Amino acid sequence: MDLWQLLLTLALAGSSDAFSGRETTAAILSRVSQSLLSVNPDLNTNSSKKPKFTKCRSPELETFSCHWTDAVHHGLKSPGPIQLFYTRRNPQEETQEWKECPDYVSAGENSCYFNSSFTSIWIPYCIKLTSNGGTVDEKCFSVNQIVQPDPPIALNWTLLNISLTGVHADIRVRWEAPLSADIQKGWMALEYELQYKEVNETQWKMMDPILSTSVPLYSLRVDKEYEVRVRSKQQKSENYGEFSEVLYVKLPQMNQFTCEEDFYFPWLLIIIFGISGLTVMLFVFLFSKQQRIKMLILPPVPVPKIKGIDPDLLKEGKLEEVNTILAIHDSYKPEFHSDDSWVEFIELDIEDPDEKTEGSDTDRLLSSDHEKSRSNLGVKDGDSGRTSCYEPDMLETDFNVNDIHDGTSEVVQPQRLKGEADLLCLDQKNQNNSPYHDACPAIHQPSVIQAEKNKLQPLLTDGAESTHQAAHIQLSNPSSLANIDFYAQVSDITPAGSVVLSPGQKNKAGMSQCDMHPEVVSLCQANFIMDNAYFCEADAKKCIPVTPHIKVESHTEPSFNQEDIYITTESLTTTAGRPGTAEHIPGSEMPVPDYTSIHIVQSPQGLILNATALPLPDKEFLSSCGYVSTDQLNKIMP
Amino acid sequence: MNIKRSPWKGSLLLLLVSNLLLCQSVTPLPICPGGAVRCQVTLRDLFDRAVVLSHYIHNLSSEMFSEFDKRYTQGRGFISKAINSCHTSSLATPEDKEQAQQISQKDFVSLIVSILRSWNEPLYHLVTEVRSMQEAPEAILSKAIEIEEQTKRLLEGMELILSQVHPETKENEIYSVWSGLPSLQMADEESRLFAYYNLLHCLRRDSHKIDNYLKLLKCRIIHDNNC
């Protein structure tokens, strides 16, 4: 800061010089200097800092001395003498009297030496520096805290042994405690630290502190010279004393033939070559045309293969095309059932509806179409099978589902469905419980849905609601789940937005009421569309047998032949079992296959899936997206 | 520093830390079976163990003091205020080497015993007060507990040594009374902190004294001034 001011002053002076005469310059300079001086009074007397204590030290716990910085006199006035005053805070001495330093000389310049008569060990001292009557520095301490022993003396070394090759040697370094420290009487206990290095090195190597006065040094190279130094400190304190004098160690050379013992294994070279070789080999394999080797190293990831479907189509999400293709490939249907290995892996948790808190995929599909439920399905369901069926983004429904039900409720309920759950709109019963917006009178909410109801706002207005509801309820309906196909082919989408399940299935009602079959169909269809062809049977079932009033397109064939290939075995079997059973049995559980082909031709019946009207046992037949075990299937099958 | 602590947590921690600290090779002073005429343990062993204990106690108290200072009272300039107001100042302890050499063996041992006795009560209260602090610093509390424990052992050992060095000594219960408890519980934080600072400063000083005295005594009695 001072420098800066000085520069500023000079700059000002210089600039002013250009404008006016020298008299002005001098005036300015003087004014500036005065202002500067006023800011920093020291500038007047001396340009250096005030004298300060640098160090107080007791080498042997019997005397001590204090040093301070010399006051640099640059100023105009000569400085006053610097004095040191001390006081001993003794309980016996009541008054705090400042006494002057007893010895300014013995410890050198700018120091004060207290001999043993003035030194008391565990008593606090306070010292202060004064100059011209003003205190410039002050410090308080106890003597036992400022102990810094003298350096050890009489360093020497002896040779311990030399290695057989004559390249390395061990030596022992000895020293003695400083004379001032009274070790004999136990007044001081010292520990030492040794440091050594080669002569032309810059870094000292340190050893751990030791209590004894000798230490061995191992494995020194004979052909090099070493330097050794030691310092000491009191055992419990922190400060080391000064280093001793440096001891030079020059080891005797036994033989002139110093073989190079040190063989530095070329690790670096090996690593570099190894890595490059491996890289080259890897690239050769990768880019070679040898498919075999390539497959060995990088086996290809199997892409999902659907017969007749180009995976790219699926990737691009062109559902219509996929559906079309699926519709075309009716002939592939038969290949899917009967020995469909899926059947083996289908599990139906009929026994414990309570366990399933998340309802089967099928349930969810068919159940209330809040996205939440579906999305919950997708999100919450940890079951391996289920989640694959449902993707949250595909589960959007265009139902006016009240999304009040948050997740848990909805799906769970299907699980807990007990009792007969009539197909939505098939029963013409009002589903009081249906949480979903539909209150198809025919719809007979399963208890599951009842449970949901609490959470869900009953969207059902009058039961005139969607078949979807019904469908969902169907899904939740355990019985209804029985024959739900896993997949139903969506052959077309009506302008209303409802899904037409193949083959020739009637539109599933959309959001319409039960009475309005097409709507119901479209409802379901819309639902299904969302599902991107992964409908669980329940959903399909729900949608299909919605109401008896649903007009069904002319889907004649009860066979599944026209269904797409995604018809699960059960649906097929159920369908086969009840060909053309379009009607739902009121009160009976209508397992709606997830993906049954809507063969329902009987128009008054509306859309009825082939697999409907399978009387199910009383158990819940919750198929999680088509996982129906074989046993259950057998039970279900009439 | 008024922070309540869960007693369970504190006691569990105390147990753990005590175990850990005790597992450091601090061998306890042997206690001769009460009334035994001749102890199995030699004076040399007694002194060796006493020195180890006192060294350990001094290390702990130094660490405790510096931790306390760093955490609570750094920069407050208490050092200048911490004049010689330790309660053990009333005991006539030698203040330098000459004085220490002039004092007799048995007086020396008795003096050390008195100092140790004087610290029984302050250490006990220190532990209690630190433990009851709201945000009781675990490091300081554990060290305080350990110091209290080891000081008791050192006192036992020193009494043993006294009985061997000066068998005719009648039981003298000379010690300084500590009356600093009210200051540790003062409401004003500054005064309370100063009281703690003073207490810990005195503890560090006295532990250093005892350590020095014991080393002196050991060299004098065991090694005949030729350590």
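Small disclaimer: the values here were computed from a predicted structure and weren't measured. A, B, ... follow the sequence lines: proteins, then strands. Residue 1 opens every chain.
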Completion exercise
Smallest heavy-atom separation, A:G186 atom then B:C219 atom, equals CA-SG, 3.5 Å
Practice task
Kindly indicate whether the side chain of A:K185, heavy atoms from C-beta on, has any atom under 4.5 Å from the side chain of B:R220.
Solution key: no
Practice task
Using a 4.5 Å cut-off on heavy atoms from C-beta on, say whether the side chain of A:W122 contacts that of B:N212.
Solution key: yes
Handout entry: Side chain proximity check, B:E95 to A:I123, heavy atoms < 4.5 angstrom
Key = yes
Practice task
For atom CD of B:E148, decide whether the heavy atoms of other residues, nucleotides or ligands shown that lie under 6.0 angstrom number more than 12.
Solution key: yes
Practice task
Identify the two heavy atoms, one from A:S116 and one from B:D96, that lie closest to each other, and give their separation to 0.1 Å.
Solution key: O-OD2, 3.9 Å
Handout entry: Residues, nucleotides or ligands: over 12 heavy atoms within 6.0 Å of A:E100 CD
Key = yes
Exercise for the section: Can you measure from OG (A:S237) to NE2 (B:H208) and round to the nearest 0.5 angstrom? Expected result: 7.5 Å
Practice task
Answer yes or no: does atom CZ of A:F53 have more than 12 heavy-atom neighbours from other residues, nucleotides or ligands under 6.0 Å?
Solution key: yes
Practice task
Starting from the C-alpha separation in whole Å, work towards a yes-or-no answer on side-chain contact (heavy atoms from CB on, under 4.5 Å) for B:R204 and A:Q145.
Solution key: CA-CA 11 Å; B:R204 181 178 73 161; A:Q145 295 167 3; 2.5 Å; yes
Problem - More than 12 heavy atoms from other groups under 6.0 Å of NZ on A:K52 - result: no
Practice task
Report yes if the side chains of B:K97 and A:M188 come closer than 4.5 Å at any heavy-atom pair, otherwise no.
Solution key: no
Exercise for the section: For chain B, find which of A:Q235, A:Q184, A:E138 contributes the most heavy-atom pairs closer than 4.5 angstrom. Expected result: A:Q184
Practice task
Can you measure from CG (A:D182) to CG (B:N225) and round to the nearest 0.5 angstrom?
Solution key: 8.5 Å
Handout entry: Exceeds 12 heavy-atom contacts within 6.0 angstrom, atom OH of B:Y124
Key = no
Practice task
Please state whether the side chain, the backbone, both or neither of B:D211 comes within less than 4.5 Å of a heavy atom of chain A.
Solution key: side chain
Fill in the blank from the handout: Pair count under 4.5 Å, heavy atoms only, with chain A: among B:Q99, B:E98, B:K215, highest is B:K215
